[in-house]
Amino acid sequence: MSGEEKVVCVTGASGYIASWLVKLLLERGFRVKASVRDPDDPRKTEHLLSLEGAKERLHLLRADLLEEGAFDALVEGCEGVFHTASPTTLSANDPQAELIEPAVKGTLNVLRSCVKVPSVKRVVITSSIASILNNGKPLNSDEIADETWFSDPVYCEENKLWYILSKTLAEEAAWKFAKENGIDLVTIHPGVVIGPLLQPTLNLSSEMFINLIKGGAKAFPFPVCRIVDIRDVAFTHIQALEVPSASGRYCLVGHVVHIYEALKILKELYPALSLPEECEDEKPLLPKHQVSKEKAKSLVVNFTSLEVSFRDTIESLKEKGFIDI
Ligand SMILES: NC(=O)c1ccc[n+]([C@@H]2O[C@H](COP(=O)([O-])OP(=O)(O)OC[C@H]3O[C@@H](n4cnc5c(N)ncnc54)[C@H](OP(=O)(O)O)[C@@H]3O)[C@@H](O)[C@H]2O)c1
């Protein structure tokens, strides 16, 4: 489907996921209004401005999540709104100020702007598998998580899972506000996103991937990875806007693999990779939660293979000088 003449906006456009989303939207002929925190910082804008179609159809606007009304001008005239901006850090000295407030208040700030604009037909929010899986149930069972699962804010708080809490509370607030104000909302819940980077800086999930290939399983925060390719994520966001029947929450995980399985594939792809010995370990692996793809299949038919995602991530990180293999 062509986006010719359609105007959409993307918040947090300089980020990893949003940059790919902007790229795909421009390729499909959409006019894109994109918010960045600092339009004067070339590291946040140059990669966007050099995209195919950007000269004609990309408009950058300044907006901060915590500034009331900052997204009014962005949303004005748009049919679709993609809200991706949210703080992405696993460590915070002041979780309330650094993570929770910008995530929750920022989401409501964007949605309040949407309510003022009658042209907005649908809002797509980048949530996370984090707001689905963290309910205290052991993740080493062989159950299948799906869109009916909700993370438990009390569990997150007790375990100081601040990023996860920020995504859980932001999603909760979004659904409440959308229902009260008649907004057609779709939330996308990706696992750990990997794949080539467009931006020149390192985002959290790419940094986690570098830690994995440099430090092995011990350097990765979870024993099991729930992985999805960046191109599938960007594509699914557009589908979530374009497919009329899209609604509710969508888990978006292409592959669930034990960290040792991931390391084994990486070693096969890059024999020169010097990984800790643990990846040779053949001990039986614990059962792992699967994540349902049933609902996501209505938006994305084929998930990129792990091999392609791993290879393209490594090649991109090499090209940008973040790793040397
Ligand atoms: N990557 C993953 O594995 C993954 C998985 C699941 C969900 N997600 C979600 O996907 C979204 C994008 O993540 P990403 O991986 O693309 O991370 P990213 O590259 O760090 O992008 C985050 C974006 O949010 C913006 N932002 C943060 N605080 C802001 C504020 N106060 N005001 C305005 N903008 C602000 C950042 O702007 P600056 O560039 O100015 O800092 C950046 O553009 C997030 O909602 C994240 O929770 C990511």
Side-chain angles (χ1 to χ4, degrees), residues 9-23 34-48 60-68 70-71 74 82-90 92 97-110 113 124-134 151 161-171 174 187-210 212 220-222 225-234 236-237 249-254 291 309 313:
C9 66
V10 179
T11 70
S14 48
Y16 176 49
I17 292 177
S19 297
W20 267 97
L21 177 56
V22 170
K23 175 179 162 60
S35 80
V36 293
R37 253 200 289 199
D38 183 3
D40 300 324
D41 181 350
R43 290 176 319 144
K44 302 286 177 180
T45 56
E46 261 175 15
H47 66 285
L48 296 173
L60 295 185
L61 286 89
R62 181 192 302 271
D64 191 288
L65 287 170
L66 288 171
E67 199 184 310
E68 197 78 22
F71 294 89
L74 183 81
F82 296 99
H83 175 45
T84 80
S86 203
T88 52
T89 172
L90 294 180
E98 290 168 48
L99 279 160
I100 294 159
E101 279 196 20
V104 178
K105 287 191 180 165
T107 298
L108 292 174
N109 199 10
V110 171
S113 299
V124 179
I125 293 183
T126 318
S127 185
S128 168
I129 201 67
S131 72
I132 301 247
L133 288 181
N134 294 278
S151 292
L161 304 172
W162 304 121
Y163 168 73
I164 296 171
L165 181 62
S166 77
K167 297 303 287 179
T168 302
L169 294 177
E171 192 210 344
T187 56
I188 306 292
H189 299 258
V192 174
V193 184
I194 61 167
L197 290 74
L198 296 175
Q199 85 282 6
T201 51
L202 259 192
N203 61 292
L204 176 64
S205 54
S206 305
E207 199 178 338
M208 281 161 62
F209 186 81
I210 293 181
L212 174 68
F220 197 77
F222 325 107
C225 332
R226 296 164 193 91
I227 293 177
V228 61
D229 190 277
I230 184 74
R231 294 153 290 195
D232 298 341
V233 175
T236 307
H237 277 69
R249 313 166 88 207
Y250 287 85
C251 292
L252 197 63
V253 173
V291 178
S309 295
T313 311

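Reckoned from all heavy atoms, side chains included, excluding hydrogens, waters and symmetry mates. In listed order, ligands and their atoms are each counted from 1.
- In this structure, Asn109 contributes its side chain and Leu66 its backbone to no donor-acceptor pair below 3.5 Å.
- Using a 30° and 60° split on the angle between ring planes, Phe71 and His83 fall in the perpendicular class, above 60°.
- Distance from atom 6 (C) of ligand 1 to its nearest protein heavy atom, with residue and atom name: Pro190 O, 3.4 Å.
- Counting only distance, with no hydrogens or angles, the side chain of Ser309 and the backbone of Asp229 share no donor-acceptor pair below 3.5 Å.
- The N/O atoms of Val192, backbone and side chain alike, include none that comes under 3.5 Å of an N/O atom in ligand 1.
- Remark: the backbone N or O of Ala13 is paired with a side-chain donor or acceptor of Ser19 at under 3.5 angstrom.
- Each of the following atoms of ligand 1 lies closer than 4.0 Å to a heavy atom of Val193: 1 (N), 2 (C), 3 (O), 4 (C), 5 (C).
- At the shortest separation from atom 31 (N) of ligand 1 among protein heavy atoms lies Asp64 OD1, 3.5 Å.
- With atom 22 (C) of ligand 1 as the reference point, the heavy atom nearest to it among Ala85, Gly12, Ser86 is part of Ser86.
- For the residue pair Ser131 and Glu171, a side-chain donor N or O sits within less than 3.5 Å of a side-chain acceptor on the partner.
- Counting heavy atoms under 4.0 Å from ligand 1, residue His189 does not touch it at all.
- Near Ala63, the atoms of ligand 1 lying under 4.0 angstrom from a non-hydrogen atom of the residue are 33 (C).
- At the shortest separation from atom 39 (O) of ligand 1 among protein heavy atoms lies Lys44 NZ, 3.0 Å.
- Here is the list of ligand 1 atoms found below 4.0 Å of a heavy atom in Asn203: 15 (O), 19 (O).
- Closest heavy-atom approach to atom 5 (C) of ligand 1 within the set Ser127, Gly191, Gly195, Ala170: this belongs to Gly191.
- Note that CZ of Arg62 is 13.5 Å distant from CG of Leu74, once rounded to the nearest 0.5 Å.
- Closest to atom 21 (O) of ligand 1 among all protein heavy atoms lies Gly15 CA, 3.5 Å.
- For the pair Lys105 and Thr107, the minimum side-chain heavy-atom distance is 4.5 Å or more.
- For atom 48 (C) of ligand 1, the nearest protein heavy atom (residue, atom name, distance) is Ile17 CD1, 3.6 Å.
- The protein atom (non-hydrogen) at minimum distance from atom 47 (O) of ligand 1 is Tyr163 OH, 2.6 Å.
- Nearest to atom 41 (O) of ligand 1 among the protein's heavy atoms is Arg37 NH2, 2.8 Å.
- Taken from CZ in Phe209 to CD1 in Ile194, the straight-line distance is 5.0 Å, to the nearest 0.5 Å.
- A donor and an acceptor atom, one from each side chain of Asn203 and Glu207, are nowhere located under 3.5 Å apart.
- Taking each of Thr88, Leu204, Leu202 in turn, the one with a heavy atom nearest to atom 17 (O) of ligand 1 proves to be Thr88.
- For ligand 1, the polar-atom distance check against Leu65 finds a nitrogen or oxygen pair separated by under 3.5 Å.
- Between Ser14 and ligand 1, at least one pair of N/O atoms sits closer than 3.5 Å.
- Taking OH from Tyr16 and OG from Ser205, the interatomic distance works out to 5.0 Å, rounded to the nearest 0.5 Å.
- The local environment of CZ in Arg43 is sparse, with at most 12 non-hydrogen atoms from other residues, nucleotides or ligands closer than 6.0 Å.
- Protein heavy atom at the shortest distance from atom 11 (C) of ligand 1 is Thr84 O, 3.1 Å.
- No part of Gln199 comes within 4.0 Å of ligand 1, judged by heavy-atom distances.
- For ligand 1, the atoms lying closer than 4.0 Å to a non-hydrogen atom of Ser205 are 1 (N), 2 (C), 3 (O).
- For the residue pair His47 and Ser14, the shortest heavy atom distance occurs at NE2-O, 3.6 Å.
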